Amino acid sequence: MLKIGIYFETSQKLGGAHQQNLQLIQIFEKKLAEKFDITYIVPDKNFEKFFKSTKTRVTIFKTNLIYRVELFLFKFQFFREIYKKLKLTNKFEKYLLQKNFDLILFNSPSEVSILLNKLNFVIMLLSMQHRTHGYFPEYKGNHDNDIRDIIIDNAVKKSFKIFVGALKDKLLLEKFYNLKTDKAIVQPYAFTLSKLFEKNKDSDFKEIYNKLKLPEGKDIFFYPAQFWAHKNHKYLIDVAEKLEEQKLDKIHFVFCGYDKGNKKYIDSLISKKKIDNFFTILNFIDDKSLISLYLNCFGVVMPSFVGHTTIPMYESFYFRKNIFYTKDLCDNSVKNYLTEINIKDPNSFIEEYKKIISNEELNKKKLDEAKLFIDNLNIDETIGENFLKTFKDYEFLSSSWK
């Protein structure tokens, strides 16, 4: 039986990526646990809580100074070559070899993946748009483009398979990283909110919503996004200014998400322009509060510069809610189910909103089609089958040398 180590990293502060990580645990438990010998590799005991509902084994890789030095050195090709020439094994890979893993899966574009010289691996990558939008501050400093490029370039050259969330992401891999094989697999992101809702339909979501203390009688649009510059919260400030000029006070915007360095700027702009009455900022909210927002809002608005497909997009489809999305950004597979807006023109949002409220029957048809699309996508089954095939393929190929 193939012995697979899953290097598992996640945090509530990752937003949608955290939801996907939690759902992956459930998918793997249901679809793969009986067919492969799976162990999760985590950096500390705090991660064990995520696996309480499963029978999966967990092992803790304790980091130390040597590990941190090697992780730094392996960012440079020169040191990677030295280790190879001298037949040295870094602390992390030595630990994996001692555990007799056959294959490693990284559930994110982790720096740790560059430490593998002898073991084969599969990796899940996020957006490659740091190559097209590298001028945003979040793509610099501790998360700079060079590190991202090292991780992705290493994955293109050395991984067995790469998983990406959209066809456009695969095309960027081919364009910027010279990927010329069928190594990249496109699959939708997993999300948990729909399952949580189905399990908790008896909850009083109206009462939960009321506790958010949002203004009554308004069409609520909310933006479930962390405060990164590339998320472009500023666009909605520009929209609010236009709404005020046109004396349209029916719309109210809600922001919810962790601060990633740009919240202070957004707060100051709202205050400076004296349009506080158009906004409520909730920071991070729990899942039930998020569900209550979906159930009671008019729609979701995402004027982001980055993200060909997103978990809030899928959630909007599931809850039959309008989603206003950056024009020409989304993957073609979802284009028909959302409302595109020109994020260089705040009037674009207002115009699209007016179209929707003037033709409720046409809008209902669109929302129904989006719900049918997400239901038919059968995401959990698709993800499970993709990983099952990947691991079976590797098991077959590795039988040639093991």
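Just so you know, these numbers come straight off a predicted model, no measurement behind them.
- Y7 meets the side-chain hydrogen bond (donor to acceptor under 3.5 Å, both in side chains) test with no other residue; sequence neighbours excluded.
- Within the 6.0 Å centre-distance limit, the rings of F284 and Y258 are counted as a close aromatic pair.
- Close placement of the F349 and F253 rings is indicated, their centers lying within 6.0 Å of each other.
- Relative orientation of the F305 and F136 rings is tilted, given thresholds of 30° and 60° on the angle between their planes.
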Quiz: residues 154-173 side-chain donor-acceptor pairs under 3.5 angstrom, not counting sequence neighbours:
from, atom 1, to, atom 2, distance (Å)
K157, NZ, D153, OD2, 3.0
K158, NZ, N117, OD1, 3.3
S159, OG, A155, O, 2.5
K168, NZ, D328, O, 3.1
K168, NZ, L329, O, 3.4
K168, NZ, C330, O, 3.0
D169, OD1, H308, ND1, 2.9

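- Partners of Y135 according to the ring pair (Phe, Tyr, Trp, His ring centres under 6.0 Å) rule, which considers only residues two or more places apart in sequence or in another chain, are H133.
- Within a 6.0 Å sphere centred on CD of E81, other residues, nucleotides and ligands contribute more than 12 heavy atoms.
- Checking T89 against K118 by side-chain atom types alone, a donor-acceptor pair falls below 3.5 Å.
- For N376, the side chain to side chain contact (heavy atoms under 4.5 Å, CB included) criterion is met by L372, not counting sequence neighbours.
- No salt bridge links E351 with K354; every basic N to acidic carboxylate O contact stays at or beyond 4.0 Å.
- From N107, atom CG reaches atom CD1 of I6 across 8.0 Å, with rounding to the nearest 0.5 Å.
- In summary, the side chains of T59 and Y95 do present a donor paired with an acceptor at a separation below 3.5 Å, with no hydrogens or angles considered.
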Can I get a per-line list of side-chain donor-acceptor pairs under 3.5 Å for residues 64-71, giving both atom names and the distance, sequence neighbours left out?
from, atom 1, to, atom 2, distance (Å)
N64, OD1, I66, N, 3.1
N64, OD1, Y67, N, 2.9
E70, OE1, K91, N, 2.8
E70, OE2, Y83, OH, 2.8

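- Side-chain contact of N347 with Q246: a donor-acceptor pair under 3.5 Å is present, judged by distance alone.
- Applying the salt bridge (Lys or Arg N to Asp or Glu O under 4.0 Å) rule to pairs touching residues 293-319 yields nothing, sequence neighbours excluded.
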